[in-house]
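Right, one structure below, let's go through it.
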There are 2 protein chains.
Amino acid sequence: MASTERPRRADARRNRDLLVEVARRHVRRHGITTSLEAVARDAGVGPGTLYRHFPDRESLLAEILRRESDDLAAARERAARTIDVAERLDTWLGEVERHIAAYRGLSGLLVGSLGDTAPTPLGLACQEMIAMTEEFLAAARRAGVARPGVTARDLVGCAAMVAWLGSLGPGGTRQADGARDILRHGYRAAP
Amino acid sequence: MASTERPRRADARRNRDLLVEVARRHVRRHGITTSLEAVARDAGVGPGTLYRHFPDRESLLAEILRRESDDLAAARERAARTIDVAERLDTWLGEVERHIAAYRGLSGLLVGSLGDTAPTPLGLACQEMIAMTEEFLAAARRAGVARPGVTARDLVGCAAMVAWLGSLGPGGTRQADGARDILRHGYRAAP
DNA sequence: CACCGTAGCGGAGGCTCCCTCCGCGTAGGC
DNA sequence: GCCTACGCGGAGGGAGCCTCCGCTACGGTG
């Protein structure tokens with residue numbers, strides 16, 4: 001399975017790494033619709049080189065995300081330190097939201113892949129988030145503080161949704177605060 | 001105040017109306033990022049004509065929306081027929097969601113204007129929705145079925161958010177159902 | 001009803017971005 | 001050190017955004 005990829009020439013690997021790194025900076029600054037030509041220019045390669053390594057925008061974004069899965073792991077560690085079970089779930093979802101919000105426009109792309117069963121690169125990133133969320137949700141359910149019927153996928157979807165809201169300028173940030181509050185009351189069990 | 005607009009020539013008025021109508025169709029089909037050049041072509045006018053009447057995409061969209069405020073009024077009538085107070089608020093928010101979802105991409109634009117105090121065209125459309133939502137929310141509060149602290153603007157923001165989620169393909173629709181359910185539990189008062 | 005000033009029109013054109021294709025240079029196996 | 005095919009750069013066609021300018025024809029006036 002891993003043998004499908006044949007060895008690459010050294011310059012190809014170098015260029016690929018360079019492109020991902022430059023693209024990461026550009027996407028962080030300008031969102032996922034950033035100009036790919038500008039990325040290629042900034043990396044000092046021709047557009048053909050970029051498109052050979054990443055046939056479409058999505059595959060480039062997926063590679064950026066793949067290299068950041070340790071960020072998610074760190075977030076899990078951080079959230080796990082919260083003692084109160086209900087609050088811990090809140091904290092975790094905040095981390096998911098932050099992780100998604102790091103790249104403007106990513107939220108929409110991810111939601112589209114939330115239901116992917118085939119192992120598309122973006123689908124895998126979603127699986128990962130859903131699985132981690134499931135852990136926190138299960139703990140909350142055991143403690144009786146999570147409303148039955150709420151699924152981990154729903155919660156990740158909500159986090160993406162709030163991340164989207166927050167990405168829409170200063171007004172969006174305020175709206176996101178309100179939405180987050182309502183959602184929290186919505187997924188918690190009535191006491 | 002209304003005298004700021006001087007009388008227009010007949011052909012100008014005709015072209016303007018035609019452009020709005022054609023644009024409405026295009027935006028409904030392709031979302032708010034639809035090609036303005038295509039709109040002009042389809043209306044049989046040059047791009048210059050379109051840009052003279054509507055200096056930017058947003059002003060064109062605002063005009064489309066302005067002409068649809070009666071749709072919102074009809075939605076209010078429809079929602080008002082629901083007998084149960086809590087359910088009536090749900091129904092109304094569903095109508096708001098539907099209204100926003102009619103044009104793919106509109107949700108983001110509207111959220112950006114939710115906090116507008118200045119009477120920008122888009123801001124006015126928001127004011128209208130917030131005001132109507134306030135009526136339904138007030139009724140729910142009086143009946144003790146709405147959780148205190150929830151504002152009408154929060155609710156409109158949530159409706160826009162769910163509309164956005166639902167616009168993201170088939171997976172999005174399922175996510176939207178889940179989110180809507182959580183939100184409903186979140187803005188209702190604990191019994 | 002003919003005339004004329006100007007409001008308003010069309011479209012050419014400059015810019016950016018997307019993506020493809022092809023001839024050439026060079027990395028690296030032998 | 002040689003040779004081959006991998007991977008590179010960049011030209012180029014297509015689309016969209018928006019501006020500017022010369023001409024058309026609308027409609028007020030005598």
Side-chain angles (χ1 to χ4, degrees), chain A residues 3-64 103-106 108-109 121-122, chain B residues 3-64 103-106 108-109 121-122:
Chain A
S3 65
T4 51
E5 48 210 46
R6 56 194 172 69
R8 300 268 153 186
R9 247 164 57 178
D11 53 348
R13 245 177 299 132
R14 219 180 317 126
N15 272 330
R16 191 187 151 92
D17 282 350
L18 179 60
L19 278 168
V20 174
E21 186 47 34
V22 171
R24 202 183 58 80
R25 283 207 304 272
H26 275 241
V27 171
R28 234 176 225 285
R29 185 179 303 261
H30 306 291
I32 66 167
T33 60
T34 194
S35 159
L36 297 186
E37 293 221 340
V39 170
R41 262 198 311 276
D42 198 15
V45 305
T49 301
L50 190 154
Y51 285 103
R52 193 164 349 89
H53 284 293
F54 304 99
D56 51 30
R57 186 178 294 272
E58 200 160 315
S59 60
L60 176 55
L61 293 171
E63 178 61 22
I64 294 176
Y103 303 102
R104 186 156 26 95
L106 178 60
L109 217 56
L122 280 177
Chain B
S3 65
T4 52
E5 48 209 42
R6 57 193 170 71
R8 298 268 153 187
R9 245 167 55 182
D11 54 346
R13 245 177 299 132
R14 218 181 317 128
N15 271 330
R16 191 188 152 91
D17 282 351
L18 180 60
L19 278 169
V20 174
E21 187 47 34
V22 171
R24 202 183 59 80
R25 283 207 304 273
H26 276 242
V27 170
R28 234 175 224 286
R29 184 181 302 261
H30 306 292
I32 66 168
T33 60
T34 194
S35 159
L36 296 187
E37 292 226 321
V39 170
R41 262 199 311 275
D42 198 13
V45 305
T49 301
L50 190 154
Y51 285 103
R52 193 164 349 91
H53 284 293
F54 304 99
D56 51 30
R57 186 178 294 273
E58 200 160 315
S59 59
L60 177 55
L61 293 171
E63 178 60 21
I64 294 177
Y103 303 102
R104 187 156 24 96
L106 179 60
L109 216 55
L122 280 177

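Bear in mind the structure is a predicted one, so any value in this text is a computation, not a measurement. All chains are named by letter (A, B, ...) in the order of the sequence lines, taking the proteins before the strands, and each is independently numbered beginning at 1.
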In whole Å, I'd like the distance from the [atom1] atom of [X] to the [atom2] atom of [N].
X       : N      : atom1 : atom2 : answer
B:Leu50 : D:dC20 : CG    : P     : 17 Å
B:Asp56 : D:dG16 : CG    : P     : 19 Å
B:Tyr51 : C:dG10 : OH    : P     : 15 Å
A:Leu19 : D:dC8  : CG    : C1'   : 12 Å
B:Leu18 : C:dG8  : CG    : P     : 16 Å
A:Arg16 : D:dG7  : CZ    : P     : 12 Å
B:Ile32 : D:dG16 : CD1   : P     : 17 Å

**OP:** Respond yes when some side-chain nitrogen or oxygen of B:His53 is under 4.0 Å from OP1 or OP2 of C:dG8, and no when none is.
**Re:**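 For C:dG8, OP1/OP2 do not have a side-chain N/O of B:His53 under 4.0 Å.
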Is a donor on one side and an acceptor on the other found under 3.5 Å between the side chain of [X] and the backbone of [Y]?
X        : Y       : result
B:Arg13  : B:Arg8  : yes
B:Arg57  : B:Thr34 : yes
B:Arg104 : B:Arg29 : yes

Original post:
Closest heavy-atom contact between A:Ala43 and A:Leu18?
Top reply: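 It is O-CD2, 3.3 Å.
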Original post:
Quick one: CD1 on A:Ile32 to CG on A:Leu109, what's the gap to the nearest 0.5 Å?
Top reply: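 CG of A:Leu109 is found 5.0 Å from CD1 of A:Ile32.
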Original post:
Which value, rounded to the nearest 0.5 Å, describes the distance between A:Leu60 atom CG and A:Ile64 atom CD1?
Top reply: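 Spacing of CG (A:Leu60) from CD1 (A:Ile64) equals 4.5 Å.
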Show each protein N/O and nucleotides 11-17 of chain C N/O combination with a separation under 3.5 Å, one pair to a line.
{"residue": "C:dG11", "atom": "O6", "partner": "B:Gly48", "partner atom": "N", "Å": "3.4"}

Atom pairs under 3.5 Å, N or O on each side, protein against nucleotides 24-30 of chain C: can you list them with distances?
{"residue": "C:dG28", "atom": "OP1", "partner": "A:Ala10", "partner atom": "N", "Å": "2.6"}

Original post:
Base, sugar-phosphate, or nothing: which does A:Asn15 touch, judged by heavy atoms less than 4.0 Å apart?
Top reply: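 Sugar-phosphate: the residue A:Asn15, judged by heavy atoms under 4.0 Å, touches backbone atoms but no base.
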Original post:
Would you say B:Leu61 and B:Leu106 make side-chain contact, with heavy atoms under 4.5 Å?
Top reply: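 Not in contact.
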**OP:** Could you walk me through whether B:Arg16 and B:Glu63 pass the side-chain contact (heavy atoms from CB on, under 4.5 Å) test, one step at a time?
**Re:** CA-CA 10 Å; B:Arg16 191 188 152 91; B:Glu63 178 60 21; 3.5 Å; yes
**OP:** Could you tell me whether the side chains of A:Asp42 and A:His26 share a donor-acceptor contact shorter than 3.5 Å?
**Re:**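 Distance-only check passes for A:Asp42 and A:His26.
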